[in-house]
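Before any comments, here is the structure.
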Amino acid sequence: MLVVDDLHASIGGTEILHGLSLEIGDGEIHAVMGPNGSGKSTLAHVLAGRDPYQVTAGRVLYDGADLLAMTPEERAAAGVFLGFQHPVEIPGVPTMYFLRTALNALRRARHHEELGPVEFLALVDAKRRLVDMDRSLLDRAVNDGFSGGERKRNEILQMLVLEPRLAVLDETDSGLDIDALRVVAAGVRSLRAPHRSAVVITHHRRLLDHLVPDQVHVLAGGRIVRSGGADLAAELEAHGYAGVHEPGAEPHPVSTATAR
Amino acid sequence: MSTARAEVAELAGREYAYGFSTDLDTDFAPRGLSEEVIALISAKKGEPDWLCDWRLGAYRHWRTLTEPSWQNVTYPPIAYDDIIYYAAPKKKAAPSSLDEVDPEVRAMFDKLGISLAEQERLSGVAVDAVVDSVSVATTFQARLAEAGVIFCSFSQAVRDHPDLVRAYLGSVVPFRDNFFAALNSAVFTDGSFCYVPKGVRCPMELSTYFRINAAGTGQFERTLIVAEEGASVSYLEGCTAPMRDEHQLHAAVVELVAMDDATIKYSTVQNWYPGDAEGRGGVYNFVTKRGRAAGARSKISWTQVETGSAITWKYPGVVLQGDGSVGEFYSVAVSAGHQQADTGTKMIHIGKDTRSTIVSKAISTGHGQNTYRGLVKMLRSAEGARNHTRCDSLLIGGDCGAHTFPYVEVKHPTAQVEHEATTSKVSDDQLFYARQRGISEEEATSMIVNGFCREVFRELPMEFAVEAQRLLSVSLEGAVG
Ligand SMILES: Nc1ncnc2c1ncn2[C@@H]1O[C@H](COP(=O)(O)OP(=O)(O)OP(=O)(O)O)[C@@H](O)[C@H]1O
Ligand SMILES: [Mg+2]
C-alpha cells in the first residue's frame with residue numbers, strides 16, 4: 001500500500017529525514033518508535049502534505065501513485081488520515097459540523113452522495129459510543145477547550161467516521177488514561193481490514209500490547225535504524241534506544257545530538 | 001507558505017458582482033454647494049419654508065466646520081465643490097403599483113437579485129426602493145396603513161406628515177452633531193420614514209434597498225423611525241453600488257426614537273463597491289446613525305454587517321434616556337483588499353438601570369485595516385447602569401491590521417462596565433487540519449469566519465442572515481487558495 005523510498009525531508013533549511021525507507025503492505029499495522037526529535041512527526045506530516053516541510057529527495061508511492069504530488073485534500077480523499085500529535089483548536093466551528101463537512105467533502109471527492117444531517121447523526125452516535133465520548137463534546141467547537149485526552153479521543157472518533165485506508169496516528173496514545181488507551185486500541189482494531197493499514201507512532205509499549213503490530217520500526221536520526229516484530233517493543237522498553245541500530249545502518253550524527 | 005498567504009494579494013482582484021450602471025434619464029443640480037443649490041433642492045421637492053430654513057441653517061453651520069481627521073483612515077481630500085448634490089430619475093407620476101415603475105429600474109433590481117415583484121410575492125417584506133436619492137417604488141402600503149403604520153419616502157412624509165417630521169427631524173442627530181451630519185442636513189434628497197403608533201407591532205419587516213447610481217453624485221439619505229409607546233418595528237437596510245472610478249461620498253443620517261416600552265431593531269447589510277485591486281474607486285461611507293431610547297424600558301438594537309465600501313466610518317449609537325432602557329450593537333465589519341473600516345458604537349447611559357451590550361467582530365484580510373472605536377459613557381444620573389463590551393478581531397493573512405479603541409467614561413459609582421477583547425488569526429495549522437480531513441482551504445476559511453460571526457448573524461432576521469453569510473463568502477473569495 002505504502003512505499004517510502006530513501007526519503008529526505010527538511011524544514012526551515014534543516015534536513016530532518018536523511019533517507020528514510022519503509023514499506024507497508026495491505027492490512028498491516030506498523031509501529032514507529034524512536035527518541036524525541038528523531039523525525040517521527042516530520043514523517044507523519046510529510047505523508048499528509050504539510051506545507052513547510054520540503055522533500056528534497058526520495059519518493060513515496062501510495063497504491064502505486066505519487067503521493068507527494070497530491071494536495072492534502074487529495075490525499076485525504078484517497079484515504080490518508082493523520083491523527084495529529086497536537087490537534088489544533090478551531091474556535092467557533094462546532095465539532096459535529098466540522099466532521100460532517102469533512103465526511104461530505106470526502107464523499108463528494110469520491111463521487112458518493114452526501115450524507116444528510118439525520119443519517120450523519122446516526123453514524124456519529126454509533127462511532128461515538130465506540131470511543132466513549134460524550135455527546136456534548138461534539139456540540140462544542142473543534143478541540144476548543146478540550147483536555148489533552150479529549151482531543152485524542154476526538155482524533156480517533158474522526159478516524160472512525162472517515163474510515164481511512166491508511167491511518168497515520170502520531171502519538172495518539174500519549175496523555176491518555178488507561179481506559180482511553182483501550183479505546184484507542186479498540187478504535188484502531190475495529191478498522192482492521194485486509195484493505196486498510198495503519199502507522200502507529202508511539203513511545204509506549206502498552207498500546208502495542210493491545211494492537212499487536214505486524215512490524216515495529218525504530219526511527220532515529222532521520223532514518224529507520226532497526227525493524228522487527230512485536231517483541232522489539234519489549235526489548236526497547238528494557239534497554240532504551242542507546243544500543244539500537246541494525247548492523248550496517250549507522251545512526252546519523254544528528255540523532256545523537258537531538259536524542260534525549 | 002500556505003496558498004492562503006500566497007493568494008491573499010489577489011483578494012482585491014475579485015470581481016464586484018454588482019458593478020454595472022443603469023442609464024436612467026437623470027435630472028441634475030449644478031455641481032457644488034451654495035445657498036442657491038440648497039434652495040433649488042428644497043424647491044424641487046416642494047418643501048415647506050421651515051424645512052428650507054433648517055437646511056440653510058445646517059449649511060451655514062457646515063461652512064464653519066472642517067472635515068474631521070481623527071479617524072484611523074486615510075483618503076485623498078474630498079472636493080465638495082465637485083459633487084452634484086441632487087439627481088433624480090425624471091418621474092412621470094408616483095407609481096401606484098409595481099407595474100408603473102420604470103422598467104429599467106426594475107431590471108436593475110432584477111440584476112441585484114432583489115426583484116420587487118418577487119419581494120412582494122414571496123417574502124412579505126415591504127420595500128421602499130431608493131434609486132438616486134428618490135424613492136421609486138413602495139410596496140405593501142395597504143397592509144401597513146391598515147395597522148396604522150406609516151412607511152414611506154422621506155419626501156412623501158414631508159408632504160403628508162409634516163408635523164411628525166418637524167417634531168423629530170434632528171432631534172437625535174442635530175445638524176451641529178458633526179461635519180457629515182451638517183452636510184447631510186443641508187442637502188439630503190430623500191430616504192425613508194417610518195412611524196409606528198402606540199401599541200402597534202409592525203406586521204412585517206420593513207426594508208429599504210439603497211443604491212448609488214449617477215456618476216459623481218453624492219448620496220445623502222435621511223432616515224427617521226419613530227416607535228410610540230409599546231410599539232415595535234424591525235427595519236432592514238441593504239445596499240449595493242455599481243462600479244465607479246472616482247470615489248463616491250455617502251453621508252447618510254439615520255435617527256431612531258423609541259418611547260416607553262417600544263422596540264426598534266435596525267439591521268444593515270452594507271455591500272457597496274470597495275474599490276479595485278489598487279484601492280482605486282469605491283464608496284466613502286461616512287454615516288451618522290443614532291437612536292434615542294427615550295422611554296422607560298425602551299429598546300434599540302443595531303445589527304450591522306459591513307462588507308463593502310472603500311472606507312467605512314460609522315458609529316451607530318444609542319442614547320439610553322429612559323429608565324431601564326436597553327441599547328445593543330452587534331457588528332461584523334470586513335476589510336479586505338485596501339478597505340479601511342473605522343466603526344463601532346456610542347452608548348450614552350442617562351437613565352437608571354440602563355443596559356447596553358456591544359458585540360463587535362472585525363475581520364481583516366489582504367491589506368485591510370479594521371478599527372473598532374467605541375464609547376461607553378455613564379452619566380451621573382445613570383445609577384445601576386451596566387455595559388458589556390466584547391470586541392473580537394480575526395486576521396487572515398499577514399498584511400492586514402486590527403485596532404481597538406474603547407473609550408469609557410463612568411460618572412456614577414454603581415455603574416458597571418465590562419470589556420473583553422480578543423485577536424485571533426486563521427492559522428495555517430487550522431487550515432491544514434481541515435485540509436487533512438478533506439475540507440478545502442476556502443471552505444475551511446468560510447467555516448471559521450462564519451463561526452466567528454455567529455453571535456452577530458444570530459441577531460439578523462432569517463433571510464438577512466443567509467444573505468450576510470453569502471456576502472461574507474463573496475467578500476473573502478480569493479482570500480484563500
Ligand atoms: N521549523 C523548524 N525548523 C528547524 N527544525 C525544526 C523545525 N520544526 C521541527 N524541527 C526539528 O525537527 C526535528 C524532528 O522533529 P519531530 O517533530 O519530527 O520529532 P519527533 O520524532 O516527532 O519527536 P517527539 O517524539 O518529541 O514527538 C526536531 O529536532 C525538531 O526540533
Ligand atoms: Mg512527534
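First the proteins, then the strands, lettered A, B, ... as listed; each starts at 1.
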**Report entry** Result of checking A:L106, A:N104, A:T101, A:L103 against B:I439 for side-chain contact (heavy atoms from CB on, under 4.5 Å)
**Finding:** A:T101
Query raised in the report: In this structure, are over 12 heavy atoms from other groups packed under 6.0 Å from A:R108 atom CZ?
Result: yes
Report summary line: side chain to side chain donor-acceptor pair (under 3.5 Å) test vs A:E73 passes for just one of B:R437, B:Q436, B:R435, namely B:R435
Query - A:R50 portion near chain B, given a 4.5 angstrom heavy-atom threshold - result: both
Query raised in the report: Can you tell me if CD on A:E23 sees more than 12 non-hydrogen neighbours from other groups inside 6.0 Å?
Result: no
**Report entry** Greater than 12 external heavy atoms within 6.0 Å of A:Y97's OH
**Finding:** no
**Report entry** Residue among A:P94, A:A76, A:P72, A:A105 with most heavy-atom pairs under 4.5 Å to chain B
**Finding:** A:P72
Query raised in the report: Does any heavy atom of chain A fall under 4.5 Å from the side chain of B:A434, the backbone, both, or neither of them?
Result: both
Query - A:Q158, part contacting chain B, at a heavy-atom distance under 4.5 Å - result: side chain
Query - chain B contact via A:L82 - side chain, backbone, both or neither, heavy atoms under 4.5 Å - result: both
Query raised in the report: Is the backbone N or O of B:Q430 less than 3.5 Å from a side-chain atom of A:E89, with the two atoms forming a donor-acceptor pair by type?
Result: no
Report task. Return the orientation label for the A:F84 and B:F432 ring planes: parallel under 30°, perpendicular over 60°, tilted otherwise. Result -> perpendicular
Query raised in the report: For B:R386, does the CZ atom have more than 12 heavy-atom neighbours from other residues, nucleotides or ligands under 6.0 Å away?
Result: no
Query raised in the report: For A:P164, is it the side chain, the backbone, both or neither that has a heavy atom under 4.5 Å from a heavy atom of chain B?
Result: neither
Query raised in the report: Should the heavy atoms of other residues, nucleotides or ligands under 6.0 Å from CD of A:E113 be counted, would the total exceed 12?
Result: no
Query raised in the report: Can you say whether A:A48 sits under 4.5 Å from chain B via the side chain, the backbone, both, or neither, judging by heavy atoms?
Result: both
